[in-house]
Number of protein chains: 2
Amino acid sequence: MKKNKIETEQTIQNIIKIARYHFTEHGYAEAALEDIVKEANLTRGALYHHFQNKKGLFLAVFETVQQEVGEHVEAEAAKGNDSWEQLIRGCRAFLEGAIQSHNQRILLIDGPAVLGWDTFRKMDEKYSMNSLKEQLQLMQEQGLLKPISIEAMTHCLSGAMNEAVLWIADRLDQEDEDVMEDAIIVLEHLLGGLKK
Amino acid sequence: MKKNKIETEQTIQNIIKIARYHFTEHGYAEAALEDIVKEANLTRGALYHHFQNKKGLFLAVFETVQQEVGEHVEAEAAKGNDSWEQLIRGCRAFLEGAIQSHNQRILLIDGPAVLGWDTFRKMDEKYSMNSLKEQLQLMQEQGLLKPISIEAMTHCLSGAMNEAVLWIADRLDQEDEDVMEDAIIVLEHLLGGLKK
DNA sequence: TTTACATACATACAGTTTGTATGTTAAAAT
DNA sequence: ATTTTAACATACAAACTGTATGTATGTAAA
């Protein structure tokens with residue numbers, strides 16, 4: 001019953017894919033491992049062979065989603081002509097990405113609670129948050145931003161966007177208004193406050 | 001074994017107090033109801049008599065903490081002379097309150113995950129967030145702020161502060177730097193971007 | 001080419017925890 | 001004085017995670 005590398009990797013990816021669906025749909029706590037492996041035509045034995053435990057599986061899913069969003073942000077930001085436009089584009093891309101296919105629950109709700117805030121932060125820094133920080137640092141060095149703590153700025157902005165994502169996603173379910181644009185306008189003005 | 005109103009209320013408050021400790025210390029998922037009631041010299045029967053379930057107990061704890069912080073914010077904000085100073089004072093008070101005795105875990109980490117974001121928001125609006133919104137609205141009417149979506153502003157600022165709390169709390173555990181001041185400076189500049 | 005071993009699972013079970021159903025006792029209400 | 005109800009305790013069912021163990025199969029070395 002031993003499979004080759006490729007088949008094994010497919011098994012793992014398939015579990016992640018199914019788990020991702022269950023986590024987004026029911027949330028971490030309500031997602032039963034039994035249901036996940038059943039859908040993959042496996043048993044929990046297989047799951048515990050490939051992942052350390054439920055948290056380990058969630059971590060794999062979390063990283064997948066975060067990487068996806070992170071890549072989208074980088075790609076969009078790169079389209080900007082100057083650093084300011086890059087920053088704004090990156091922010092918009094983050095909002096879009098995090099809202100897509102209800103990623104918010106994994107990324108922003110269960111993420112911190114399941115992984116713990118410190119682990120969550122480390123993951124976040126690896127992907128989305130770090131690129132924001134670097135961008136801000138660059139802009140400060142270019143003399144575009146006021147000489148205040150980059151780290152504090154990064155966290156405040158990141159927090160503002162995270163909450164914006166949750167708010168927008170909630171509103172999109174109800175109304176059709178251009179709530180996304182409202183958020184971006186506010187973000188732009190907030191960022192304006194950091195301009196020199 | 002029937003007790004009078006006062007004794008019953010004491011029992012409930014005692015459970016909440018002990019549960020609050022367990023939730024902050026171990027987090028919602030790892031806090032066992034059995035341990036909580038044991039410390040209160042009760043059994044789970046008593047707990048399920050007074051609260052609907054584990055989530056219901058958490059909700060009670062959550063509301064207690066949020067109310068505490070909310071009151072602190074209101075009190076501090078009231079000390080300000082003009083609306084701008086009130087806003088800043090309120091923000092600072094929120095950071096202080098949320099950091100105090102590791103309230104962040106209940107308020108910002110487990111809160112959304114356990115209650116769900118919509119319930120969390122409703123609670124949040126009832127206390128801290130609403131006062132922020134009203135203050136911003138007032139200031140906009142006074143012509144102090146730019147004419148952009150108050151709701152978007154409120155959520156972005158609230159998010160910025162929430163994340164700031166987590167960041168500050170994390171940093172306070174390691175360094176002794178005046179990281180709180182850094183956060184407030186950034187917040188002031190961000191708010192500055194909303195000024196007319 | 002056999003033998004040893006690792007890998008990819010399945011199966012069965014133990015442990016923990018939530019929630020519920022059912023007492024029991026004592027104070028309030030009638 | 002009797003009935004009712006509130007404040008618990010006790011016992012139990014159900015769900016779920018995690019672990020220990022078994023098994024088949026591919027791979028690599030002797």
Side-chain angles (χ1 to χ4, degrees), chain A residues 1-62 106 110-111 113-116 119, chain B residues 1-62 106 110-111 113-116 119:
Chain A
M1 237 222 174
K2 187 173 174 181
K3 292 180 178 171
N4 64 35
K5 284 274 164 66
I6 295 169
E7 285 175 314
T8 302
E9 188 56 30
Q10 279 177 343
T11 304
I12 293 176
Q13 289 307 319
N14 192 231
I15 294 175
I16 291 180
K17 184 181 142 196
I18 295 171
R20 176 177 176 170
Y21 176 76
H22 281 249
F23 286 147
T24 54
E25 211 63 17
H26 314 295
Y28 179 81
E30 316 308 321
L33 297 182
E34 191 63 42
D35 295 347
I36 292 171
V37 292
K38 195 182 286 170
E39 208 171 315
N41 286 112
L42 292 170
T43 63
R44 283 196 353 278
L47 204 158
Y48 277 92
H49 174 70
H50 292 297
F51 302 93
Q52 205 172 18
N53 48 28
K54 191 179 182 182
K55 200 184 284 188
L57 174 61
F58 180 82
L59 184 65
V61 172
F62 180 82
I106 288 177
D110 286 334
V114 174
L115 302 174
T119 308
Chain B
M1 237 222 176
K2 189 174 176 179
K3 292 180 179 173
N4 63 33
K5 284 277 164 65
I6 294 169
E7 285 174 315
T8 302
E9 189 57 30
Q10 279 177 343
T11 305
I12 292 175
Q13 289 306 319
N14 192 231
I15 293 176
I16 291 180
K17 184 181 142 197
I18 295 171
R20 175 177 179 171
Y21 175 77
H22 280 248
F23 286 147
T24 54
E25 209 64 18
H26 313 295
Y28 178 81
E30 316 307 321
L33 297 181
E34 190 65 42
D35 295 347
I36 292 171
V37 292
K38 195 180 286 169
E39 207 171 315
N41 285 111
L42 293 170
T43 63
R44 281 193 358 274
L47 204 157
Y48 277 92
H49 174 70
H50 292 296
F51 302 91
Q52 204 174 16
N53 48 29
K54 191 179 182 182
K55 202 183 283 190
L57 174 61
F58 180 82
L59 184 65
V61 172
F62 180 82
I106 288 176
D110 285 334
V114 174
L115 304 174
T119 308

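Chain A is the first sequence line, chain B the second, and so forth, proteins listed ahead of strands; every chain is numbered from 1.
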Problem set entry | Contact list for DNA chain D against residues 8-17 of chain B - heavy-atom distance below 4.0 Å | T8(B), T11(B)
Seminar exercise, completed: Test side chain to side chain contact (heavy atoms under 4.5 Å, CB included), reference F51(A), set L59(A), I16(A), L33(A), output is I16(A)
Exercise. Which atom names give the shortest non-hydrogen contact between H22(A) and D35(A), and what distance separates them?
Worked result: CE1-CB, 3.9 Å
Exercise. Between I15(B) and I36(B), what is the shortest heavy-atom contact and its length?
Worked result: O-CG2, 4.3 Å
Using atom [atom1] of [X] as one end and atom [atom2] of [N] as the other, report the distance to the nearest whole Å.
X: F51(A); N: dT17(D); atom1: CZ; atom2: C1'; result: 16 Å
X: L57(B); N: dT18(C); atom1: CG; atom2: P; result: 10 Å
X: H49(B); N: dA6(D); atom1: NE2; atom2: P; result: 7 Å
X: E30(A); N: dC16(D); atom1: CD; atom2: P; result: 9 Å
X: H26(B); N: dT16(C); atom1: NE2; atom2: P; result: 16 Å
X: E7(B); N: dC8(D); atom1: CD; atom2: P; result: 9 Å
X: H50(A); N: dT7(C); atom1: NE2; atom2: P; result: 12 Å
X: E34(A); N: dA14(D); atom1: CD; atom2: P; result: 17 Å

For this session: Quick one: label A31(A) by what it contacts on the DNA or RNA (base, sugar-phosphate, nothing), any heavy atom closer than 4.0 Å.
Result: sugar-phosphate
For this session: Count the heavy atoms of every other residue, nucleotide or ligand shown that sit under 6.0 Å from OH of Y21(A), and state whether that count exceeds 12.
Result: no
Exercise. Looking at residues at least two apart in the chain, or sitting in another chain, which of them share a salt bridge (charged side-chain N to carboxylate O under 4.0 Å, His left out) with E9(A)?
Worked result: none
Exercise. So, do L42(A) and N14(A) sit near enough that their side-chain heavy atoms are less than 4.5 Å apart?
Worked result: no
Exercise. Roughly how far, to the nearest 0.5 Å, is the CD1 atom of I12(B) from the CG atom of L47(B)?
Worked result: 10.5 Å
Every protein N/O within reach of nucleotides 19-23 of chain C N/O, cut-off under 3.5 Å:
residue, atom, partner, partner atom, Å
dG19(C), OP2, Y48(B), OH, 2.5
dG19(C), OP2, K54(B), N, 3.0
dG19(C), O5', Y48(B), OH, 3.4
dG19(C), N7, R44(B), NH2, 2.6
dG19(C), O6, R44(B), NH2, 2.4

Problem set entry | Step-by-step side chain to side chain contact (heavy atoms under 4.5 Å, CB included) determination, T8(B) to H50(B) | CA-CA 9 Å; T8(B) 302; H50(B) 292 296; 3.6 Å; yes
For this session: Apply side chain to side chain contact (heavy atoms under 4.5 Å, CB included) to the pair L57(B) and F23(B), showing each step before the final yes or no.
Result: CA-CA 10 Å; L57(B) 174 61; F23(B) 286 147; 4.2 Å; yes
